[in-house]
Colleague: 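Quick one: structure below, then a few questions.
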Amino acid sequence: MAPSEEAPAQGPVVGRFAPSPTGRMHAGNVFAALTAWLVAKSQGGKIVLRIEDLDAERSKPAYVDAAQRDFEALGLFWDEGPYFQHDRTEAYRAAFDELRARDLVYPCFCTRADLHAASAPHRGEKPVYPGTCRSLGDEEREARARERTPAQRLLVPDERIAFIDQVQGPYEQNLASDCGDFLVRRSDGAFAYQLAVVVDDAAQGVTSVVRGVDLLCSTPQQLYLQGLLGLPHPTYAHIPLLVAERDRRLSKRDRDAALDALLERFKTPAGVIGHIAGITGLAPTCDPATPEQLLATFDPTALPAAFDDLVQVRWR
C-alpha cells in the first residue's frame, strides 16, 4: 500500500510557517518561510502561522513574539493564526488514543544510550530503531514500567511509502527497514513531532508543506500516520539547506546569519530578502526585493530548476 502516491485533493492552496521559538530566526528560517509564502501565494493560496512549541523547556515567549515581528518586518504576512501547539494537547491525545485502541502502539523503555548502541545510521539519514521493545511480554513491560516511564512507539509494517516531492522528485522509504517503529509519545509524556505535525496540518487545512531537505526522510512516516488516521496528504517540497560550510547547516548559533546581523549587513528587510533570494536561486540577482516583488515572476513549477544544488546552498 502506498497512500502517498494518490493525487492530493484539489482545492485552495494553504501553506504554513511553523517556527520553533527556541531562538531568533536566521537566514535558513527566512529562506524556508519565503519559499513557502511564494509557493502558496503564487497559486492564489494563503499562509497559516503555527508556533511549534512542543519542547516546553526550550521554547521562550520572547522568541514567539520575535518570530511574528520578524515575519511582518520582512513582508511575510500570514492569513490565519498564530496557532500554538501547547494548546493542542487534547487533539494529539485523541489521535494517540485512536492508535492505541487499535493496538498500533507499544511502550518503549530504551534510553538514548540504548538506542545509540543498538541502532545503526541508515543511508546517511536516521538511525533505524531495531525493535528492541516490540515483543516484550506483559509481565516484562510491567516490571520495566516500575523502573522507568516508557515512551510509546508506533508499529510499522514492512511496507514501501513513496511520493513525488516537488523539489527532490521521487522518494521512497520502506518503513520497517529504513525507519523502524517510531515515537508518537515521549517518555516525559509530550507527544512526538511526527504525530503533532500531521494532526495540526489536517486541522489547519494545510495542503502545501515547504521545508528543509533534512525533513525529507520524516515524510513517509507522516504520510503513513495520515493514512492510519484518515487525514489528507499535503503536497511536499523539500528545499536545500543553507549551510555555513559543507555538511554543517546554519543554526541559531551562527550569529552572522541571525536576523539582527542580516539587517545590520543589508540595511533593510528588502535587502535581506533580496540577498537570500539571489544566493538560493529564487531570484536572478541579489538586489533588494520584497516578497511581493519576487511573487511577480515566481513560478512554483520551476522551483527545482532554481537550485544549483538540491541539498545544500552555501551561505555567503
Side-chain angles (χ1 to χ4, degrees), residues 1-5 54-55 57-58 92-93 95-163 165 168 170-199 211-229 231 233 236 238 241 247-249 311:
M1 182 178 71
S4 51
E5 292 179 325
L54 276 177
D55 191 336
E57 289 187 4
R58 296 180 62 220
Y92 308 146
R93 190 187 316 280
F96 174 79
D97 287 347
E98 177 182 340
L99 297 171
R100 184 167 58 180
R102 294 160 62 185
D103 292 326
L104 294 174
V105 299
Y106 65 88
C108 175
F109 301 91
C110 296
T111 64
R112 291 194 179 195
D114 294 334
L115 295 173
H116 182 75
S119 304
H122 192 81
R123 296 188 181 179
E125 295 175 343
K126 293 180 177 180
V128 178
Y129 180 68
T132 306
C133 295
R134 178 189 263 220
S135 301
L136 295 179
D138 290 342
E139 290 186 6
E140 179 69 13
R141 287 175 176 174
E142 290 174 6
R144 294 195 183 195
R146 288 193 288 270
E147 302 293 328
R148 176 179 173 80
T149 301
Q152 300 289 328
R153 289 186 180 272
L154 182 75
L155 288 160
V156 300
D158 183 3
E159 181 176 303
R160 180 183 68 95
I161 300 290
F163 71 104
D165 189 80
Q168 303 296 327
Y171 182 81
E172 68 176 63
Q173 189 180 88
N174 182 288
L175 291 174
S177 59
D178 296 338
C179 165
D181 302 333
F182 58 90
L183 290 180
V184 287
R185 193 168 190 177
R186 301 184 334 204
S187 59
D188 63 3
F191 293 99
Y193 170 78
Q194 305 288 35
L195 180 66
V197 73
V198 302
V199 171
R211 57 192 182 187
V213 71
D214 55 323
L215 288 170
L216 179 65
C217 61
S218 291
T219 307
Q221 297 151 53
Q222 293 169 19
L223 289 164
Y224 182 63
L225 266 174
Q226 288 159 3
L228 289 178
L229 295 169
L231 304 177
H233 301 304
Y236 290 91
H238 288 86
L241 297 178
D247 297 329
R248 186 174 77 80
R249 61 180 295 178
V311 178

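Please read all numbers here as calculations on a predicted model, not as lab measurements.
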Colleague: Side-chain contact, heavy-atom cut-off 4.5 Å: R141 with Y106?
Modeller: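 Yes. Closest side-chain heavy atoms under 4.5 Å.
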Colleague: Can L225 and F182 be said to form a side chain to side chain contact (heavy atoms under 4.5 Å, CB included), step by step?
Modeller: CA-CA 11 Å; L225 266 174; F182 58 90; 3.8 Å; yes
Colleague: Show your reasoning for whether side chain to side chain contact (heavy atoms under 4.5 Å, CB included) applies to L228 and L154.
Modeller: CA-CA 11 Å; L228 289 178; L154 182 75; 4.0 Å; yes
Colleague: If I take atom CZ from residue R100 and atom CZ from residue R93, how far apart are they, to the nearest 0.5 angstrom?
Modeller: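 Here the rounded value is 9.0 Å.
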Colleague: Should we say atom CZ of R134 is surrounded by more than 12 heavy atoms from elsewhere, each under 6.0 Å from it?
Modeller: yes
Colleague: Are any non-hydrogen side-chain atoms of Y171 and H238 less than 4.5 angstrom apart?
Modeller: no
Colleague: To the nearest 0.5 Å, how far apart are OG in S135 and CD in E140?
Modeller: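 If I round to the nearest 0.5 Å, the distance is 12.0 Å.
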Colleague: What is the minimum heavy-atom distance between L216 and P220, and which atoms define it?
Modeller: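 Heavy atoms of L216 and P220 come nearest at O-CD, 3.5 Å.
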Colleague: Determine, stepwise, if the pair V199 / F191 fulfils side chain to side chain contact (heavy atoms under 4.5 Å, CB included).
Modeller: CA-CA 11 Å; V199 171; F191 293 99; over 6 Å; no
Colleague: Mind checking the CD1-CD spacing from I161 to Q226? Nearest 0.5 Å is all I need.
Modeller: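 Spacing of CD1 (I161) from CD (Q226) equals 10.0 Å.
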Colleague: Yes or no on side chain to side chain contact (heavy atoms under 4.5 Å, CB included) for D178 and V128, after CA distance, side-chain angles and deciding distance?
Modeller: CA-CA 6 Å; D178 296 338; V128 178; 5.6 Å; no
Colleague: Any sub-3.5 Å donor-acceptor pair from R185's side-chain atoms to Q152's backbone N or O?
Modeller: no
Colleague: Would you give the length of the straight line joining atom SG of C133 to atom CZ of R153, rounded to the nearest 0.5 angstrom?
Modeller: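 Result: 8.0 Å between the selected atoms.
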Colleague: Say whether, by atom type as modelled, one donor and one acceptor occur between the side chain of R160 and the main chain of E172 under 3.5 angstrom.
Modeller: no
Colleague: To the nearest 0.5 Å, what is the distance between CZ on F96 and CG on L229?
Modeller: 12.0 Å
Colleague: In this structure, which one of Q173, R211, H233, Q168 forms a side chain to side chain donor-acceptor pair (under 3.5 Å) with T219?
Modeller: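 For T219, the side chain to side chain donor-acceptor pair (under 3.5 Å) test succeeds with only one of Q173, R211, H233, Q168, which is R211.
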Colleague: More than 12 heavy atoms of other residues, nucleotides or ligands under 6.0 Å from CG of D138: is that the case?
Modeller: no
Colleague: State, with a plain yes or no, whether a side-chain heavy atom of L175 is found less than 4.5 Å away from one of P157.
Modeller: yes
Colleague: Rounded to the nearest 0.5 Å, how far does CD of Q194 lie from CG of L183?
Modeller: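 Rounded to the nearest 0.5 Å, the CG-CD separation comes out at 9.0 Å.
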Colleague: Evaluate the side-chain proximity of V184 to L104: yes if any heavy-atom separation is below 4.5 Å, no if none is.
Modeller: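 Not in contact.
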Colleague: Got V156 and Y129 here, is their nearest side-chain heavy-atom distance under 4.5 Å?
Modeller: no
